[in-house]
Amino acid sequence: MPDTQFRTTTRHMLRESKTYAKQTLMGGLSGFESPIGLDRRDRIAALKSGDIGFVHSWDINTSVDGPGTRMTVFMSGCPLRCQYCQNPDTWKMRDGKPVTLEAMIKKVDRYKDLFKATHGGITFSGGESMMQPAFVSRVFRAAKEMGVHTCLDTSGFLNANYTDEMLEDIDLCLLDVKSGDEETYHKVTGGLLQPTIDFGQRLAKAGKKIWVRFVLVPGLTDSEENVENVARICESFDGAVEHIDVLGFHQLGRPKWHELRIPYPLENQKGPNAALRERVTKQFEAHGFTVY
């Protein structure tokens, strides 16, 4: 187990009481220890080193966020503002709870036999997990040492945050290709498309497997040209794409936008009908991709 002592934390900042030091985070974070008493400077230093990560929640699921039974950890913080985001409550890192590296690794260790038996593992999702590269990559390194499968769920927008060394411990990437052209991508997310392409190509070069995710929103991402461009981007990943998940838009995230009092741009948007889903599926299949 790695040494995760906070290098800049002085004794007066962390009480020595066992009860105080081992308080657990509730509301989706039960069982994780939180570093209590860190001031802003030490919090930033610990985040940079990966000694802590800001986590929204976690759960155990099957066949949703990668193969087998998985522990999916939803990290806090995201630089994009997708119109169809299901979890706007993960946008701000400060709204998450700090979890120690040691606590996260212990949680993976607790479930490692289950992961191995079901060919599952740990998935980091978000928010955007690439906002906290040191924490995620250190957990992945420890997971690989245990023989646990690792999966990164990301938009790839923060491609530059990940070093080639960090890529080594990723077994699978769930890569969100949100659009096939820059104009639509910016309309959907407020960001730029090129970093996603760059990250996918880096993964392919490193020999990593990719499951592409594409959210199909009628009137927003569904044009034949946009879908063709997404397919061409996937082709540029040089055979790394195992399949493409066409995810139909739904309104399950709308209550969170309302609760947070954020204007919801897709308030009256309908999901794709069967005919549209079939057309998009056939477009991807025409490029040789398996589509789910």
Distance alone, cut at 3.5 Å: any donor-acceptor contact between the side chains of D153 and S125? yes
Derivation of the side-chain contact (heavy atoms from CB on, under 4.5 Å) call for K144 and T150: CA-CA 7 Å; K144 295 307 299 175; T150 60; 3.7 Å; yes
Is any side-chain heavy atom of H250 closer than 4.5 Å to one of Y84? no
Ionic contact status for K187 with E183, cut-off 4.0 Å: no
If we ignore angles and hydrogens, is there a donor and acceptor under 3.5 Å between the side chains of T72 and N61? yes
With a 6.0 Å cut-off (strictly less than), is the heavy-atom count around NZ of K209, excluding the residue itself, greater than 12? no
Does a side chain donor of either N87 or H56 reach within less than 3.5 Å of an acceptor in the other side chain? no
Side-chain donor-acceptor pair under 3.5 Å between E182 and Q194, yes or no? no
How far does CG of D65 sit from CG of L152, to the nearest 0.5 angstrom? 11.5 Å
Measure the acute angle between the ring planes of F214 and F284, then classify it against the limits of 30° and 60° as parallel, tilted or perpendicular. perpendicular
Are Q251 and Y264 side-chain neighbours, meaning at least one heavy-atom pair lies under 4.5 Å? yes
Measuring from W91:CH2 to C78:SG, what's the distance to the nearest 0.5 Å? 8.5 Å
With a sphere of 6.0 Å drawn around CZ of R110, does it hold more than 12 non-hydrogen atoms of other residues, nucleotides or ligands? no
If we count only N and O atoms by modelled type, under 3.5 Å, do the side chains of H258 and E267 hold a donor and an acceptor together? yes
Could you state the interatomic distance from NZ (K178) to CG (L220), rounded to the nearest 0.5 Å? 11.5 Å
Could you tell me whether K112 and D109 have a side-chain N and a carboxylate O separated by less than 4.0 Å? yes
Is it true that R70 and D59 make a salt bridge, defined as a side-chain N closer than 4.0 Å to a carboxylate O? no
Value rounded to 0.5 Å, distance of CZ in R138 from CD in Q132: 13.0 Å
For F199 and L167, run side-chain contact (heavy atoms from CB on, under 4.5 Å): C-alpha distance rounded to whole Å, both residues' side-chain angles, the deciding distance at 0.1 Å, then the answer. CA-CA 10 Å; F199 190 62; L167 293 183; 3.6 Å; yes
Relative to each other, are the rings of H287 and F289 parallel, tilted or perpendicular (30° and 60° limits)? parallel
Interatomic distance, E168 atom CD to K208 atom NZ [nearest 0.5 angstrom]: 7.0 Å
Quick one about N226 and S179 (side-chain donor to acceptor, distance below 3.5 Å, no hydrogens or angles considered), yes or no? yes
Under a 3.5 Å cutoff, is there a donor and acceptor pairing between the side chains of T290 and E242? no
Residue H243 excluded, over 12 heavy atoms near NE2 under 6.0 Å: yes
Presence of salt bridge, D176 and R213, under 4.0 angstrom: no
Rounded to the nearest 0.5 Å, how far does CD1 of I233 lie from OG1 of T196? 8.0 Å
Between F124 and F140, is the ring centre distance below 6.0 Å? yes
Residues R279, D222: salt bridge by 4.0 Å N-O rule: no
Derivation of the side-chain contact (heavy atoms from CB on, under 4.5 Å) call for L101 and F135: CA-CA 7 Å; L101 176 68; F135 182 79; 4.2 Å; yes
